[in-house]
Amino acid sequence: MAIGKGHHLHLIDGSGFIFRAFHALPPLTRKSDGLPVGAVSGFCNMLFKMLEGNTGHDAPTHLAVIFDHSSKTFRNDIYPQYKAQRPPMPEDLRPQMPLTREATRAFGLCCIEQEGWEADDLIATFACQARDAGARVTIISSDKDLMQLVGDGVEMMDGMKNVTIGPDEVHAKFGVAPNRVIDVQSLAGDSVDNVPGAPGIGIKTAALLINEYGDVETLLERASEIKQPKRRQTLIDNAEQVRISKRLVTLEKNVPVEVSIDAMEVQPLDPEVVLPFLADMEFRTMTTRVAAKLGAAAPTIAEPPPDTSTGAEPDMPAIDHSKYEIVRDAAALQTWIDRVYQRGYVAVDTETTGLDEMRADLVGVCLSVEAGEACYIPLSHVNGTGDLLGGAERCEGQMDFAQALEMLTPMLEDAAILKIMQNAKYDMKIFARLDVTVAPFDDTMLISYAQNAGLHGHGMDALAERYLDHKTIPIKTLIGTGKKQITFDLVKIEDAAPYAAEDADITLRLWTALKPNLVTSRTTNVYETMERPLVPVLAQMERHGVKVDRDHLSRMSNTFAQKMAGLEDEIHTLAGRKFNVGSPKQLGEILFDEMSLEGGKKGKTGAYGTGADILETLAAQGNDLPARVLDWRQLSKLKSTYTDALQEHIHPETGRVHTSYSIAGANTGRLASTDPNLQNIPVRTEEGRRIREAFIAEEGNVLVSLDYSQIELRILAHIAEIESLKQAFRDGHDIHAMTASEMFGVPLDEMTSDVRRQAKAINFGVIYGISAFGLANNLRIPREDAKAFIDRYFERFPGIRKYMDDIVAFAKEHKRVDTLFGRRIHTPEIGAAGPRAGFANRAAINAPIQGTAADIIRRAMIRVPAAMEAAKLPGRMLLQVHDELLFEVPKEAADDLIGTVRQVMENAHMPAVALDVPLIVEGGTGANWAEAH
DNA sequence: AGAGTCACG
DNA sequence: GACGTACGTGACTCTG
């Protein structure tokens, strides 16, 4: 049938997609022979989603995948250097190119390439043909070279992110409409494709010129009218080069194509063709999914032989939910416990009524002793009667809760039985509330984190997909979402069991797969000394919580509310009308449209930026409205995030606030605090600091805060071996004043606070991977001045520059950096092209410093409980804030505690690492956190 | 759900 | 030579 109105043609940029998929997706290999297939897998997934119409867009009626042909094109005749400095194709990608073509055919789709033409030219040709025939066209690519085709029934879609690229997105990228993209590209050039353009002119300038002159030809003709002398000369000198560039970037829309677009009509998938292909690739999940969709039987995929080289990966059977057992009586449970004792280890997982370990109740327990062998022990399932007034009654077919616990406890506490959990802290806290102390244990989340931080997340779903090629049952299918969400105890036991037991099964499989790699990746020590032992320490801290004075918060809330109301009136008067002060969008319109203040649009969404820095600039120019909004925002933040939200977190029974620390959240080794985040309680402003007054000690107790002084700078001095910095720390000098003195030649006794402040900003900047732009922003000085500062700094401390170069080189070679204690932080983005390179370099510079500091405080925290016990100290460790520990202790023991814990903290690096600088810990005591800090 | 904003080290 | 930029987090609000 001829293509025409009502039809929708998808043109997939096959080469482009496969390149991006290769870099964006994990390096999957075929199990049986190690053939790299990650990009092919991503490609097939995308095709299938697209054919299903499962991309948020409607499904195509016609579809073709276009590839680059490896031969030269007419562009090389025009300009021999075109695409000449492309790096060679990665080894692991090469074999995937032909496989991708094969995949296309297996899906029954048109696979097109043509000698002498780039994929882009073919796409342009087909797109125009289809558009002229009245069909809609979607180009699946994010290649900027194709953006010139957008508009008039042609749109683009990013196949990885499923986002549409229309005229607006093109305008955001190039600053001009799609039909002028070519003109901008010819001026700006492209370093990746080696399109020369005009030297010194980038996209921004190019867009400016095109918007003024219309197109490249007109611009070149009228170049002499340009005011800026440099720009004018560049264009006159390089006119021919720009014209060549234009021919390079202009896509050919009249390629003598050998295939008709009518032939691209989508045919129903043929199970006889597509399934064998997927099975041959050993895409287990996708084979099953496609087979299910087609109503055909999935071909079996042979399991690969066990990997005998490491002895690590035994032959695991496929995950089969029907094989899991539901344990309903004591005899059945005893059988399982016996099996655990035969094994010596068991994967354990708990099901509860919620995610908050302090409030959730145990609903059931799962055990697994062998891949595929798992059971679910339901304990507190109830019948949902639909009666909201507590009409729930206990389900039949469950063991008595107390009896089950009594049978399980000896095993869970047995020193001879290893308990394997995913995110052990959660389950251990649930058990701890039932007076069960689970030990010893392993945690698959932390095993993954120790070896793979920076590479991917460490949640069970992510790990299962990556290492077991298995998609877990989403909990939502059982408990629903939103308002209709139910708690797990209301799920029918028969429905709950497969989900629950699967978690234990997967945990055990992950442990089998991941644990041996600790040894090969040299991270056993990190896991055993800095991850696993932290779990019980944090569990205790979280369970203990910190006392918070609700009335204090409540009073502050009221005060804030009144002040905000006053400010709101003022702001509305200044604006001349009412609007929502909390809406950045409305505020931007008031400031920049209605009041016409100076300030620009921001990138992607086209909204005005109204960040604090922008408002401060406006306020400094004497504008009252932005000044008031800044005040309002500060109060709004304090009220909503702290004085209001914190009250919600006070536990009804303990009267205290129980945060939760994620151990594997931050890539650098830092902890992260959630629900609530107690690591970002205000301190920098007077008004904010008063919130800390609400964190108090029990009667007769005080809060004690101990924090490392300048720990990251000390680590920098050590790692980069900066002798003068090290000496300054040994002598106990003011490090920022010392830096200032060295840099600006000001004697220490003549130091002004302003000079010191600048030196301090530079010191911090160095830790973050300094840039002139960043420092200029921070100090609000011209970029040239910032650059001069940095140059002088590197002159005075040449070791810093060397450290930065060395660490980036190390990261490029190993795709990771290490802390002094051997923690590995992977930097997969390092060496990436474009602006991401800058990010990756700075992250690589910062990670060993931030990570080493994180390691040190982890080591301290792990040692604190034993040290306190040895010193017979009462009191508790409550919170960690990256370089600070907060304790609650009886008044009379405060001084002893400071002495003991300071010892631990100042020597936490020993004996593993000897530092060339001393670590100094400062302590404070008070009735509340504001006083103690 | 994502962007914008802002709190901390 | 231009690009877009300080490092690491989490929570709240508005918006489509």
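Every chain is numbered from 1 and lettered A, B, ... according to where its sequence line falls, protein lines coming before strand lines. What you see is a predicted model, and the numbers here were worked out from it, not measured in a lab.
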Summary of side chain to side chain donor-acceptor pair (under 3.5 Å) pairs that have at least one residue in residues 609-619 of chain A, sequence neighbours excluded: A:Thr610-A:Arg633, A:Glu616-A:Arg780

Short N-O contact, A:Glu687 and A:Arg692, less than 4.0 angstrom: no

Touch class at under 4.0 angstrom, heavy-atom based, for A:Leu775 against every strand present: base

Spacing between A:Asn667 atom CG and C:dT9 atom P, to the nearest angstrom: 5 Å

Contacts of A:Arg859 that satisfy side-chain hydrogen bond (donor to acceptor under 3.5 Å, both in side chains) - sequence neighbours left out: none

Where A:Ile857 and A:Glu884 come nearest, the two heavy atoms and their spacing: CD1-N, 3.8 Å

Sugar-phosphate, base or nothing in reach of A:Asn778, heavy atoms under 4.0 Å: base

Sugar-phosphate only, base, or nothing, as touched by A:Ala612 at under 4.0 Å among non-hydrogen atoms: sugar-phosphate

Distance, P atom - from C:dT5 to B:dA3, rounded to whole angstrom: 14 Å

Pair of N/O donor and acceptor under 3.5 Å linking C:dT5 base with A:Arg836 side chain: no

Distance below 4.0 Å between A:Arg670 side-chain N/O and B:dG9 OP1 or OP2: no

Whole-Å gap separating P (B:dG9) and CG (A:Leu713): 15 Å

A:Glu906 side-chain N/O to A:Val921 backbone N/O, donor-acceptor pair under 3.5 Å: yes

Listed partners of A:Asn928 passing side chain to side chain contact (heavy atoms under 4.5 Å, CB included), at least two apart: A:Glu693, A:Ile696, A:Ala930, A:Glu931

Touch class at under 4.0 angstrom, heavy-atom based, for A:Pro199 against every strand present: nothing

Closest non-hydrogen atom pair between A:Lys639 and A:Ala561, with its separation: CE-CB, 3.7 Å

Secondary-structure stems, DNA chain C, at least 3 Watson-Crick or G-U base pairs under 3.5 Å: B:1-9 with C:7-15

Length of the line joining A:Trp929:CH2 and B:dA7:P, which is rounded to integer Å: 16 Å

Interatomic distance, A:Arg231 CZ vs C:dG1 P [rounded to whole Å]: 17 Å

Value in whole Å for how far the P atom of C:dG8 lies from CZ of A:Phe764: 16 Å

Under 4.0 Å protein heavy-atom contact, by nucleotide of nucleotides 10-16 of chain C - B base, S sugar-phosphate only: BBSSSSS

Residue mapping more 5' on DNA chain C - nearest nucleotide basis, A:Ile201 or A:Arg783: A:Ile201

Pairing of A:Glu568 and A:Lys578 as salt bridge, 4.0 angstrom limit: no

A:Arg684 side-chain N/O to B:dG9 phosphate OP1/OP2 under 4.0 Å: yes

Atom-to-atom span, CZ of A:Phe839 to C1' of C:dG8 - whole angstrom: 13 Å

Ionic contact status for A:Asp785 with A:Lys787, cut-off 4.0 Å: no

d(CD, A:Glu687; P, B:dA7) in whole Å: 11 Å

Touch class at under 4.0 angstrom, heavy-atom based, for A:Gly838 against every strand present: nothing

Pairwise C1' distance for C:dC3 and B:dC6, with rounding to whole Å: 27 Å

Between P of B:dC8 and OH of A:Tyr661, the distance in whole Å: 16 Å

Sugar-phosphate only, base, or nothing, as touched by A:Ile767 at under 4.0 Å among non-hydrogen atoms: nothing

Touch class at under 4.0 angstrom, heavy-atom based, for A:Ala761 against every strand present: base

Ring-ring centroid check A:Tyr793 A:Phe789, cutoff 6.0 Å: no

Name every donor-acceptor pair, under 3.5 Å, that has one atom in a side chain of residues 165-176 of chain A and the other anywhere in the protein, sequence neighbours excluded.
residue, atom, partner, partner atom, Å
A:Glu169, OE1, A:Gly166, N, 2.7

Spacing of the P atoms in C:dG4 and B:dA7 (rounded, Å): 28 Å

Touch class at under 4.0 angstrom, heavy-atom based, for A:Leu638 against every strand present: nothing

A:Arg633 vs B:dC6: side-chain N/O to OP1/OP2 distance below 4.0 Å: yes

